[in-house]
Amino acid sequence: MRTLVLDSTYFPVRIVTWQKAMILLFTGRAEIVTEYDERKIRGVSHTFSLPKILRLYSRHKSSKLVRFSRHNIFWRDNFTCQYCHNKFSASQLTLDHVLPQSRGGKNSWENVVSACSPCNTKKSDKLPHEARMKLLKKPVRPKWSPQICLRLKKDDPEEWFQWFSLKSA
Ligand SMILES: [Zn+2]
């Protein structure tokens with residue numbers, strides 16, 4: 001069971017375990033927005049419903065920056081190799097440095113893209129044009145999105161998806 005945490009402005013900031021959600025609640029840092037009706041836990045003197053969505057009393061500004069990570073690069077690129085345009089699972093994808101690290105290329109949103117192993121091997125320590133390869137699109141830092149930042153799973157509560165209006169996406 002997981003709980004979606006919003007900040008005071010109803011901006012989704014993270015997903016936590018129900019245990020962490022209870023701590024936020026009991027230490028007076030958050031209030032319940034909705035609960036899981038069907039899930040209850042028994043305390044010493046009360047029975048609690050598990051929170052499905054919590055709202056923090058504070059505001060979290062820093063969460064609007066997307067964290068640079070392997071997983072998030074794959075999300076940004078829609079699990080698509082940026083050279084051959086085919087889709088892969090995360091385990092089949094690698095990270096390619098457009099300007100190779102051996103030539104001073106940085107580990108950054110603007111220089112790292114998703115690539116399948118054959119394309120990565122083919123590109124090696126060359127620039128795309130030197131390897132006669134073309135990038136699908138220019139790599140940029142992605143805007144904050146729940147898919148990238150919160151790692152939503154397909155079996156998460158439908159209500160969360162409604163919250164992000166992902167259904168229409
Ligand atoms: Zn490829």
Side-chain angles (χ1 to χ4, degrees), residues 1-21 24 33 52-56 58-169:
M1 281 291 123
R2 307 202 296 162
T3 302
L4 172 65
V5 180
L6 311 173
D7 79 353
S8 59
T9 65
Y10 291 91
F11 186 85
V13 286
R14 58 182 179 270
I15 293 168
V16 298
T17 60
W18 68 264
Q19 290 93 335
K20 279 191 183 156
L24 287 173
V33 178
K52 192 186 281 182
I53 302 177
L54 280 185
R55 175 177 168 251
L56 294 166
S58 58
R59 200 171 166 181
H60 279 242
K61 280 183 193 159
S62 58
S63 61
K64 292 189 185 182
L65 263 191
V66 179
R67 196 168 62 89
F68 178 81
S69 73
R70 179 183 176 84
H71 180 89
N72 288 348
I73 292 273
F74 295 161
W75 264 110
R76 179 198 63 187
D77 297 340
N78 198 23
F79 294 86
T80 304
C81 171
Q82 295 299 289
Y83 296 107
C84 68
H85 308 183
N86 291 312
K87 267 196 134 180
F88 295 92
S89 67
S91 62
Q92 293 171 304
L93 280 173
T94 63
L95 295 179
D96 173 66
H97 291 80
V98 179
L99 173 64
Q101 281 183 300
S102 61
R103 291 160 72 170
K106 291 204 179 94
N107 234 349
S108 67
W109 285 111
E110 294 77 16
N111 193 46
V112 177
V113 297
S114 309
C116 68
S117 299
C119 285
N120 204 334
T121 306
K122 186 181 164 199
K123 185 171 167 291
S124 180
D125 59 350
K126 300 185 193 80
L127 283 166
H129 72 271
E130 293 170 351
R132 293 175 190 277
M133 296 165 94
K134 207 174 167 231
L135 278 173
L136 182 59
K137 58 181 186 325
K138 196 177 154 198
V140 293
R141 173 186 283 277
K143 288 208 177 79
W144 193 97
S145 82
Q147 295 98 316
I148 287 183
C149 295
L150 302 181
R151 297 193 175 203
L152 290 171
K153 297 174 188 162
K154 281 204 184 88
D155 55 353
D156 279 331
E158 200 163 312
E159 218 175 317
W160 294 2
F161 289 83
Q162 286 164 353
W163 196 273
F164 305 128
S165 36
L166 285 181
K167 291 198 132 189
S168 56

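Side-chain atoms are counted along with the backbone in the values below, which use heavy atoms only and exclude waters and symmetry mates.
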Residues which pass side-chain contact (heavy atoms from CB on, under 4.5 Å) with E110, listed by chain and number, not counting sequence neighbours: S108, R141
N78 backbone acceptor or donor facing T80 side chain under 3.5 Å: yes
side-chain contact (heavy atoms from CB on, under 4.5 Å) between C119 and C81, intermediate numbers included: CA-CA 8 Å; C119 285; C81 171; 3.7 Å; yes
Heavy-atom side-chain contact between T9 and R59 under 4.5 Å: yes
Evaluation steps, side-chain contact (heavy atoms from CB on, under 4.5 Å), between V13 and L6: CA-CA 5 Å; V13 286; L6 311 173; 5.9 Å; no
side-chain contact (heavy atoms from CB on, under 4.5 Å) involving N107 - partner list, sequence neighbours excluded: F68, H97, Q101, V112
R132: partners by salt bridge (Lys or Arg N to Asp or Glu O under 4.0 Å), with sequence neighbours left out: none
Residue pairs, two or more places apart or on separate chains, that pass side chain to side chain donor-acceptor pair (under 3.5 Å) and touch residues 84-96: Y83-D96, S89-S91, S89-Q92, T94-N120, D96-K123
Closest contact, heavy atoms only, S58 versus D7: O-CB, 3.5 Å
Approximate separation, where rounding is to 0.5 Å, of I15 CD1 and T3 OG1: 9.5 Å
Minimum heavy-atom distance between P100 and K126, given as atom pair plus value: CG-O, 3.5 Å
Between CZ on residue F88 and SG on residue C116, distance to nearest 0.5 Å: 4.0 Å
L54 vs L24 side-chain heavy atoms within contact, under 4.5 Å: yes
Gap between atom NZ of K52 and atom CH2 of W160 - 0.5 Å precision: 9.0 Å
Under-4.0 Å salt bridge between R2 and D156: yes
Spacing of Q82 atom CD and L93 atom CG [to the nearest 0.5 Å]: 9.5 Å
Pairing residues for R14 by the side chain to side chain donor-acceptor pair (under 3.5 Å) criterion, not counting sequence neighbours: none
Closest non-hydrogen atom pair, L4 against P12: CD1-CB, 4.2 Å
Working for salt bridge (charged side-chain N to carboxylate O under 4.0 Å, His left out), residues E130 and R103: CA-CA 13 Å; E130 293 170 351; R103 291 160 72 170; 3.0 Å; yes
Least distance between heavy atoms, V113 atom then I73 atom: C-CG2, 4.0 Å
NZ/K106: more than 12 non-hydrogen atoms of other groups inside 6.0 Å: no
Partners meeting side-chain contact (heavy atoms from CB on, under 4.5 Å) with K134 (sequence neighbours left out): none
Distance in Å, W109 CH2 paired with S69 OG, rounded so as to fall on 0.5 Å steps: 6.0 Å
Other residues, nucleotides, ligands: >12 heavy atoms within 6.0 Å of K137 NZ: yes
Under 3.5 Å donor-acceptor, R55 side chain and S8 backbone: yes
